[in-house]
Amino acid sequence: MKNKTYILTFLAFLAWLGLFACSCPVYKNLEIFQLGEFEQSECIFIGEVLEFNPEKKSYRIKVMESFKGTGNELIFDGTYDQQCGPIINGLGKWIFYGHTDSNGVLKVNECGLTRSFENPVHGLTDFEKSDSEIKKQAQADLELEIKKLRGK
């Protein structure tokens with residue numbers, strides 16, 4: 001009887017978590033993911049995160065190189081969704097995909113390709129590889145992505 005109670009409690013907990021879980025699209029091809037991000041984003045740019053606040057899920061960023069929808073040198077305040085990510089959790093250079101709300105606050109695309117240059121691992125990374133291989137592949141993917149964005 002005790003085991004059934006534990007199992008039911010555990011299942012109820014999982015169901016509760018499911019209410020707050022994201023349903024991110026599953027992509028099998030990075031190029032298709034990038035194309036989708038480009039199409040759905042109002043603005044795409046490389047920026048420098050000047051400050052971030054994990055408690056408020058907010059950050060301040062300066063646009064360094066714009067590919068779509070914004071000018072260089074602008075400074076945005078932004079927010080992100082803790083559940084769906086990506087999570088802005090470090091200073092330095094990042095690539096951003098997102099849109100601004102009616103107050104001019106930058107919102108990164110949920111489940112998107114926004115990521116830091118320091119740790120550019122994305123959702124399609126092959127985790128069968130070693131950590132150094134993963135980081136090398138992610139860095140190469142980011143460099144190719146930026147090259148393509150510059151060509152648009």
Side-chain angles (χ1 to χ4, degrees), residues 9-127 129 131-132 134-150 152:
T9 302
F10 180 71
L11 291 175
F13 177 72
L14 287 178
W16 177 78
L17 280 178
L19 294 174
F20 300 101
C22 292
S23 58
C24 296
V26 177
Y27 296 95
K28 296 183 181 185
N29 180 299
L30 182 58
E31 286 185 57
I32 293 170
F33 193 4
Q34 290 167 335
L35 179 61
E37 281 286 89
F38 186 84
E39 294 299 321
Q40 78 170 0
S41 298
E42 174 190 306
C43 53
I44 302 169
F45 60 90
I46 295 172
E48 182 178 354
V49 175
L50 305 171
E51 56 189 71
F52 66 99
N53 184 328
E55 290 81 32
K56 293 183 179 180
K57 299 177 223 50
S58 65
Y59 55 92
R60 176 165 281 192
I61 186 162
K62 180 178 182 181
V63 177
M64 297 168 63
E65 181 178 1
S66 178
F67 304 114
K68 181 180 180 183
T70 188
N72 293 332
E73 303 298 316
L74 292 176
I75 294 180
F76 286 105
D77 289 321
T79 62
Y80 59 88
D81 183 316
Q82 180 77 33
Q83 299 297 319
C84 297
I87 297 170
I88 314 308
N89 60 359
L91 302 175
K93 271 174 64 171
W94 288 63
I95 187 164
F96 280 82
Y97 291 82
H99 64 279
T100 54
D101 67 13
S102 59
N103 297 318
V105 175
L106 182 69
K107 308 271 188 184
V108 294
N109 295 343
E110 291 179 355
C111 307
L113 281 173
T114 294
R115 59 203 189 277
S116 73
F117 277 53
E118 186 176 318
N119 184 23
V121 176
H122 51 74
L124 295 176
T125 301
D126 180 0
F127 288 103
K129 298 179 178 180
D131 286 347
S132 65
I134 289 170
K135 191 158 186 171
K136 279 182 192 174
Q137 183 62 54
Q139 192 65 46
D141 290 343
L142 179 62
E143 289 171 13
L144 182 59
E145 184 176 336
I146 291 169
K147 187 176 181 179
K148 287 179 182 177
L149 287 167
R150 286 179 176 144
K152 289 192 184 246

### Query
With Gln139, which residues qualify under side-chain hydrogen bond (donor to acceptor under 3.5 Å, both in side chains), at least two apart?
none
### Query
How about Leu35 and Glu39: do any of their side-chain heavy atoms sit closer than 4.5 Å?
yes
### Message
So, taking the atom named CG in Leu91 and the one named CD1 in Ile61, what distance separates them when rounded to the nearest 0.5 Å?
### Response
10.5 Å
### Summary
Here the gap from Ile75 atom CD1 to Glu48 atom CD, rounded to the nearest 0.5 Å, amounts to 9.5 Å
### Query
In chain order, what residues pass the side-chain hydrogen bond (donor to acceptor under 3.5 Å, both in side chains) check against Thr70, with sequence neighbours excluded?
none
### Message
Applying side-chain contact (heavy atoms from CB on, under 4.5 Å), can you list everything that pairs with Glu118, at least two apart in sequence or on another chain?
### Response
Ser116
### Listed partners of Tyr59 passing ring-ring contact (aromatic ring centres under 6.0 Å, His included), at least two apart
Phe96
### Which atom of Pro86 lies closest to which atom of Cys111, heavy atoms considered
CD-N, 4.1 Å
#### Entry: Stepwise side-chain contact (heavy atoms from CB on, under 4.5 Å) check, Phe38 with Gln34
CA-CA 6 Å; Phe38 186 84; Gln34 290 167 335; over 6 Å; no
### Query
Yes or no on side-chain contact (heavy atoms from CB on, under 4.5 Å) for Phe67 and Ile46, after CA distance, side-chain angles and deciding distance?
CA-CA 8 Å; Phe67 304 114; Ile46 295 172; 3.7 Å; yes
### Task
Calculate, to the nearest 0.5 Å, the distance between atoms OG and CG belonging to Ser58 and Leu106 respectively.
12.0 Å
### Summary
Test side chain to side chain contact (heavy atoms under 4.5 Å, CB included), reference Pro120, set Leu142, Ile95, Leu113, output is Leu142
### Query
Does Thr114 use its side chain to pair, donor to acceptor, with the backbone of Tyr97 at less than 3.5 Å?
yes
### Task
Hey, could you give me each pair passing salt bridge (charged side-chain N to carboxylate O under 4.0 Å, His left out) that has a residue in residues 137-148? Not counting sequence neighbours.
Glu31-Lys148, Arg115-Glu145
### Query
How far apart are the C-alpha atoms of Phe45 and Phe76, what are their side-chain angles, what is the distance that settles it, and do they pass the side-chain contact (heavy atoms from CB on, under 4.5 Å) test?
CA-CA 12 Å; Phe45 60 90; Phe76 286 105; 4.3 Å; yes
### Query
Taking only residues two or more places apart in sequence, or in another chain, which ones meet Ser132 in a side-chain hydrogen bond (donor to acceptor under 3.5 Å, both in side chains)?
Ser130
### Task
Using the test side-chain hydrogen bond (donor to acceptor under 3.5 Å, both in side chains), find all partners of Ser66 that sit at least two apart in sequence or belong to another chain.
none
#### Entry: Criterion side-chain contact (heavy atoms from CB on, under 4.5 Å) on Ile146 and Phe117, from CA distance to verdict
CA-CA 11 Å; Ile146 291 169; Phe117 277 53; 3.4 Å; yes
### Query
Would you call Gln82 and Ile87 a side-chain contact if the rule is heavy atoms closer than 4.5 Å?
yes
### Task
Heavy atoms only: give me the nearest Gly112-Glu37 pair and the separation to one decimal.
CA-OE2, 3.3 Å
#### Entry: All pairs passing salt bridge (charged side-chain N to carboxylate O under 4.0 Å, His left out) where residues 57-85 contributes a residue, at least two apart
Arg60-Asp77, Lys62-Glu73, Glu65-Arg150
